[in-house]
2 protein chains.
Amino acid sequence: MELSQRKEKILAAVVEHYIKTGEPVGSKTLLSALDITVSSATIRNEMAELAALGYLEQPHTSAGRIPTNEGYRYYVDNLMGVRPLDDSVKRQIEAGVSLKNASPEAILAKASEFLADMTDCAAVSTTPSGENATIKRIEFVPVGTRTGMIVLLTSTGVIKSKVCRSDVDLNSSMIEKFYNIVKSSFLGLPLDDIDTATLQTLVASMGADALTMIPFVSAVSELAQEAMRTMVMLGGQSNILRYREDYGTTAYELMDFLRRGEPISQLLANSKADLDVKIGGENKFKQLENSSVIMAHYNIDGDNRGSIGIIGPTRIDYASLIPSVRYLTDLVGELLTQTLNED
Amino acid sequence: MELSQRKEKILAAVVEHYIKTGEPVGSKTLLSALDITVSSATIRNEMAELAALGYLEQPHTSAGRIPTNEGYRYYVDNLMGVRPLDDSVKRQIEAGVSLKNASPEAILAKASEFLADMTDCAAVSTTPSGENATIKRIEFVPVGTRTGMIVLLTSTGVIKSKVCRSDVDLNSSMIEKFYNIVKSSFLGLPLDDIDTATLQTLVASMGADALTMIPFVSAVSELAQEAMRTMVMLGGQSNILRYREDYGTTAYELMDFLRRGEPISQLLANSKADLDVKIGGENKFKQLENSSVIMAHYNIDGDNRGSIGIIGPTRIDYASLIPSVRYLTDLVGELLTQTLNED
DNA sequence: GTTAGCACTCTTTTAAGTCGAGTGCTAACT
DNA sequence: AGTTAGCACTCGACTTAAAAGAGTGCTAAC
C-alpha cells in the first residue's frame, strides 16, 4: 500500500504527536506541527482518507485521530527516521551494561534492569539458549563425609551447582571413578544429549559401580537440565504503572503475565528476525493486545543465543527506543562473547 | 491504656469488619455483628470515646469509623485472637516451601513467591546474614591457559563463583601455592575478617609469589564480599495492585521502593523481636506510611540469620496472616538448618 | 484540488439537587 | 449513672441538566 508523500507526512506527524502526548490529535494541532502550507480542511480530508485506509481511527466522533496498529506498523516500516544514537546515549548504555568478571546471568539481569530504567518500560532478557551448549567441565567438591557439591560449567559460561548425597561414605577411589565417568561420558557432550535413555545405558555399562555412582550421575543430569533451561530476567515491572491507562488489559494482568517467564521466553524465541517489533495484536498473547514489544537477539560467537526486549504501550517511542535496544543488545552480545572466550 | 471490656469488643469488631470490607463501619452495622444487647446509640457513645482516645477516626463527618494506627496496634497487641493454624493450611505451607537439594537462595526465593501468592501481599525475604559465616571451602577450577574459576563455599551454604584471570600462564605449582594460601589464611576465616588491611599483610607475607598470586587473592576477597552481602528476594509485586486504593502512597512509589533492596533489608534487619508487626507510620520509611509489615526471623542452628516478611495495607488480616508468616518462617529455618548440616 | 464556513456530534466540565448513611445531641427512662 | 429513642444535621455519593469545547464532515465557493 503506497501512500502519497503528503499522507505519509501527516501519518508520521499523527503518530509522533500521539506518542508524545497520548492525546488524540486534531487537524489544527497538526497544522502547527507540520511545515506544510495547507489549511486544516485539507488535512481533515487527508486524515479521513487515512482513516478509511485503516491507518488512523477516532476514539469517538468528535475527537482527533489516533494511529491504528496498522498505522504504527506503516510508520515503523516506512516513515520512522532511524537517527543514529547520540554518543552520550551510547556511553550511557555502555556504562549501564559493563560489569567486570560477571556471570552471564548477572550481565543479563543488569542489562534488563538498566534497559528498564532507561526506557521507562518493562524489560526482559533471556539467558543463552542451551541448544548448542556443551559440558565444559565438571568438578566434585567434597563437603561432608557423604555429601559433596557438584559444579558444572558449560561452554556458554553457565555455572550450576548442586549438593549431592552419596549412599555410602565417600572415598578417593569413588571420586576417581566419578571423574573417569565424567571424562569418558560427559565432557564435551551437548547438554541436550543427556536424556534418560543415554543415562540408562551409561549406568548399565558401569556394572558393579552403578549403585554408588547413581547419585552422582543423576545429579549431573539434573544440573544439565538446569543449565539448559533458559531463564527469563525481568526488570522494571513498576514501569508498567507509568503508562497504566495505555495498556488495554489491566496493569495487574500484564504484570502477572510478565511474572510467569514461560510465555515471555516463548515470545522472544518465536521471533526469527534480528530485531523485531511486534505491535499490539501482532503478539499472540491477548494480555499484550495493547502493548508493543521491541526485541533483539544477541549473538555469542556469531551465534544467535538469546534475546533482550522491552514491553511498552503501543504508543511507545519506536524511533528512539529501537536503536537503543539494538545497541544495548549488540553490546551485551560482545560482552558475553568476550567473557566466554577469555575462559 | 486500659479499655473497658465493652470498648474492647467494639474496637475489635470495628477492626475486623473494616479489614474484611474496607468500608467505614457504622453503629448499626456493628450492632448486628455484635452479640451485645445494647442500642446503636450506646455504641455510638462508645465509639465517640474510642475516637477521642485515638483508636478510631472518621474519614468524614457522616461516615462510619475506621481504626487508626493506634487502633490496629491495640488490636494486634491485646485483642486479636491468635487461633492456631489449620492443619490444611500448615500442609499447604509445607508443600509451598519444600524444595529438595536446593540452595538457600532458591529456597528463600521460592518462599517469598509462595508467601506472596498465599497472602495476596508483596513478600520479601533476606538471605542469611554473612555476619557469623566462615569460609568453608575454596576451589580453583582451571578453565583456560590463564583463567580459572574460583568457587567459594561458606558455612551458611552460600556458593559464589568468579572468573579469575592470571597475569601469567597457569601451572601446577601456582595452583598448589594458591591452595596453600587458602589453607593457611582463608579456610575457617569469618567472612567479615577479610578486609583490605588483612589482605595487605597477607600479600606482604608472600614475598616473591605476591605478584602472581594477587589476582587469586583479590578474587577470593571479592567473593567473600559478595557472599556476605545479604540479598533481598522479592515476590508478588503485582499484588500491590490488588489493594491499590488502600496504599496511601501511589502503587508506583511503593513498587519502586520494593525494587531497591537496600531499604528493605534495612527494614527487616532493624527489628530485633522474633516476630514483628509494624503498622503504618511505625515504619520509618514514608513510602510505607499506609502499609503494614509483618516479618519474622528464621534461625539456622538456633542463630538468628535472616527474615521473611509481607507488606500489605494497614487493613491487612493480622489475625490469620501472622501465624502463617510465623509458621512459614520457622519452616524455612528448619529447612535451611537441615540443608546446611547435611553438607 | 483547496479552502472557508458552519451545523452537528459527542465528551468533558460544571452546577444543582436529591438521597442516604451515619453522626451528635437532647431529653426521657430505668 | 448509664441507656435509649428521637431528631436535626452533615457530608459524601449519585443523578440530572445544562453549558462549554474540541473536532469533525459536508457544502459551496475559489
Side-chain angles (χ1 to χ4, degrees), chain A residues 2-11 13-18 20-68 71 245-246 248 315, chain B residues 2-11 13-18 20-68 71 245-246 248 315:
Chain A
E2 271 296 312
L3 259 52
S4 78
Q5 207 171 346
R6 192 169 64 187
K7 279 202 182 59
E8 290 198 335
K9 233 172 172 173
I10 290 175
L11 178 54
V14 171
V15 171
E16 276 159 18
H17 196 273
Y18 182 65
K20 194 145 55 167
T21 67
E23 300 289 323
V25 21
S27 50
K28 289 220 192 87
T29 321
L30 221 42
L31 192 54
S32 60
L34 234 42
D35 58 347
I36 293 183
T37 55
V38 289
S39 76
S40 65
T42 309
I43 297 187
R44 274 203 293 282
N45 288 334
E46 293 283 52
M47 288 209 293
E49 284 180 52
L50 282 169
L53 290 168
Y55 294 121
L56 295 179
E57 66 180 343
Q58 290 179 285
H60 50 264
T61 339
S62 75
R65 297 301 208 299
I66 62 176
T68 61
E245 57 292 343
D246 289 317
R315 53 169 280 252
Chain B
E2 271 297 312
L3 258 52
S4 78
Q5 206 171 346
R6 194 169 65 187
K7 278 203 181 60
E8 290 197 335
K9 234 171 170 172
I10 290 175
L11 177 55
V14 171
V15 170
E16 276 158 20
H17 195 275
Y18 183 65
K20 193 144 53 168
T21 66
E23 299 290 323
V25 22
S27 50
K28 288 217 193 92
T29 321
L30 222 43
L31 193 54
S32 60
L34 234 43
D35 57 346
I36 294 183
T37 56
V38 289
S39 76
S40 66
T42 309
I43 297 187
R44 275 205 293 283
N45 288 334
E46 294 282 52
M47 288 208 295
E49 285 181 50
L50 282 169
L53 290 168
Y55 294 121
L56 295 179
E57 66 180 342
Q58 290 179 285
H60 50 264
T61 339
S62 75
R65 297 302 209 299
I66 62 175
T68 61
E245 58 290 344
D246 290 317
R315 53 169 278 250

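A note on names: the letters A, B, ... follow the listed sequences, proteins ahead of strands, and every chain is numbered from 1.
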Legend entry - B:Leu53/B:Leu3 under side-chain contact (heavy atoms from CB on, under 4.5 Å): CA gap, chis, key distance, verdict: CA-CA 10 Å; B:Leu53 290 168; B:Leu3 258 52; 4.3 Å; yes
Legend entry - Worked verdict on B:Val38 versus B:Glu46 for side-chain contact (heavy atoms from CB on, under 4.5 Å): CA-CA 11 Å; B:Val38 289; B:Glu46 294 282 52; over 6 Å; no
Inset, instruction - Show your reasoning for whether side-chain contact (heavy atoms from CB on, under 4.5 Å) applies to A:Arg65 and A:Leu30. - result: CA-CA 10 Å; A:Arg65 297 301 208 299; A:Leu30 221 42; over 6 Å; no
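Of the residues near DNA chain C, B:Arg65 and A:Ser40, the one whose nearest nucleotide (by heavy atom distance) lies more toward the 5' end is A:Ser40.
The nucleotide whose nearest atom lies closest to any side-chain atom of B:Thr61 is, among D:dA22, D:dT10, C:dT23, D:dT10. Looking at the side chain of A:Ser62, the nearest of the listed nucleotides C:dA4, C:dC10, D:dT4 is C:dC10. Side-chain proximity of B:His60 to D:dC7, C:dT2, D:dG12: nearest is D:dG12.
Between the B:Thr68 side chain and the B:Gly54 main chain, a donor and an acceptor come within less than 3.5 Å of each other. Distance alone, capped at 3.5 Å, is enough to place a donor-acceptor pair between the A:Arg315 side chain and the A:Tyr18 backbone.
Atom CD1 in A:Ile43 sits roughly 16 Å away from atom C1' in D:dA22 (whole-Å rounding). Rounded to whole Å, the distance from CZ on A:Arg44 to P on C:dC6 is 13 Å. Between the CD atom of A:Glu46 and the P atom of C:dG1 there is a distance of 10 Å, rounded to whole Å. Atom CG of A:Asn45 is separated from atom P of D:dC26 by 9 Å (rounded to the nearest Å). Here D:dG21 presents its P atom at 17 Å from CD of A:Glu23, a figure rounded to the nearest Å. Atoms CD (B:Gln58) and C1' (C:dG22) sit 8 Å apart, rounded to a whole Å. For B:Arg6 and D:dG2, the CZ to P distance is 10 Å, given to the nearest whole Å. Taking atom CE on A:Met47 and atom P on D:dG25, their separation rounds to 8 Å, with Å as the unit.
Nucleotide D:dA29 is matched to C:dT2 when pairs are restricted to Watson-Crick or G-U wobble geometry with both distances under 3.5 angstrom. Base pairing analysis places D:dC11 opposite C:dG20; the two distances defining the Watson-Crick or G-U wobble pair are each below 3.5 Å.
Contact check of residues 26-39 of chain A against DNA chain D (heavy atom, cut-off under 4.0 Å) returns A:Gly26, A:Ser27.
Applying the 6.0 Å contact sphere to CD of A:Glu245 captures more than 12 heavy atoms from other residues, nucleotides or ligands.
In this structure, B:Leu31 CG and B:Thr37 OG1 are separated by 9.5 Å, a value rounded to the nearest 0.5 Å.
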